[in-house]
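FYI, side chains are in, hydrogens and waters are out, and symmetry mates aren't considered; it's all heavy atoms of this structure. Per chain, numbering begins at 1; letters A, B, ... match sequence-line order.
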Number of protein chains: 2
Amino acid sequence: MADRQYDLGDAELEVLKVLWDEGPGTVRDVLSKLHDAGRRVAYTTVQTLLTRLEQKRFVTSNKTGLAYVYRARVSRDRVTRTRLESLLSQLYDGAAGPLVLQLVRSERLTGEEIEELQRLIEHYERDTGDAGSNI
Amino acid sequence: MADRQYDLGDAELEVLKVLWDEGPGTVRDVLSKLHDAGRRVAYTTVQTLLTRLEQKRFVTSNKTGLAYVYRARVSRDRVTRTRLESLLSQLYDGAAGPLVLQLVRSERLTGEEIEELQRLIEHYERDTGDAGSNI
DNA sequence: GCTATCCTACTACATCTGTAGGAGAAGTCA
DNA sequence: TGACTTCTCCTACAGATGTAGTAGGATAGC
């Protein structure tokens, strides 16, 4: 009963995001933020979610005064990568290329992002000597 | 009870992928493919999954001889896009750019994909007059 | 000290999802 | 026609997840 495993549910992720965005906070802090964002949810729901996140080791807590303060234990980047990997393996057999191309074709990158992309590609081509194999 | 809604579970997606890859097929066809792929699962499990997929309107069926033949009703592309959008909105606030950059930085694109990307970017820059705003 | 407030702990419950068994109809083969 | 095989239909169940109520301890203001 002590530990849960598996992945993050949507509601859990939402709570975790608040901790990423706002830094450590209590149940009430998180609840306020969620309410601000228009999310109607009960205090005890947030509490349950934070408890489960702790059981899954995504957050830690320590009692400060009256209430527990929760703190994210995994980085946004780490979770992002895991979810992304999961999407890639589920839908693209793990290949990143098709996904990138699909996204770029959808023309939703900003000018700056395109520039950054351009730089990355130049960098890549310098390293590998223009287009080559990927083995 | 007639209709289910919500999204696809992992097991459901696996079954749907078989239909995408192999074309329409019966429970047994799908089961064989899954077994070939090393997936140990019972006949009735596949049956249940196909039934649920039909309730969710991801597949249709029609009785052909003895058994029902199931056929994907939504394209791989459509489902892919939906899942991707969901990931984007959950983790990147809907912005595609950061995800693309992260993927390209992970250096998992083939030479060909990089070239294709290069072409897309050139195309983009021709259209918009080099780097510009994204409004 | 009392009372309103806030917090935690525990419990509950519905739905979704993965997984599968059993009953019974239908077709196949000897 | 009887024994298999193969299907569908219905039912079941456990774990994950979202959501929240209740009980009871701690705190703070009056």
Validation: residues 40-50 of chain A side-chain donor-acceptor distances under 3.5 Å, sequence neighbours left out:
{"unit_1": "A/T48", "atom_1": "OG1", "unit_2": "A/T44", "atom_2": "O", "d": "2.8"}

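Among pairs with a residue in residues 58-68 of chain A, those fulfilling side-chain hydrogen bond (donor to acceptor under 3.5 Å, both in side chains) read A/E54-A/S61, at least two apart in sequence or across chains. Residue pairs meeting the salt bridge (charged side-chain N to carboxylate O under 4.0 Å, His left out) criterion with at least one partner in residues 86-104 of chain B, sequence neighbours excluded, do not occur; the list is empty. Applying the side-chain hydrogen bond (donor to acceptor under 3.5 Å, both in side chains) test to every pair with at least one member in residues 70-80 of chain A, sequence neighbours left out, gives these pairs: A/D21-A/R76, A/D77-A/R81.
Taking a 4.0 Å limit (strictly below) on heavy-atom distances, residues 30-44 of chain A reaches DNA chain C at A/Y43, A/T44. Residues of residues 66-76 of chain A having a heavy atom closer than 4.0 Å to DNA chain C, listed by number: A/L66, A/A67, A/Y68. A heavy-atom distance below 4.0 Å to DNA chain C is reached by none of the residues of residues 77-85 of chain A.
Looking at residues two or more places apart in sequence or on another chain, you find a side chain to side chain contact (heavy atoms under 4.5 Å, CB included) between A/E22 and A/V18, A/K33. Partners of A/E116 by side-chain hydrogen bond (donor to acceptor under 3.5 Å, both in side chains), not counting sequence neighbours, listed by chain and number: A/R119, B/R105. Looking at residues two or more places apart in sequence or on another chain, you find a side chain to side chain contact (heavy atoms under 4.5 Å, CB included) between B/E85 and A/R108, B/L88. With sequence neighbours excluded, the residues that form a side-chain hydrogen bond (donor to acceptor under 3.5 Å, both in side chains) with A/E14 are A/R39.
Across all strands shown, B/T26 has no heavy atoms under 4.0 Å from either base or sugar-phosphate atoms.
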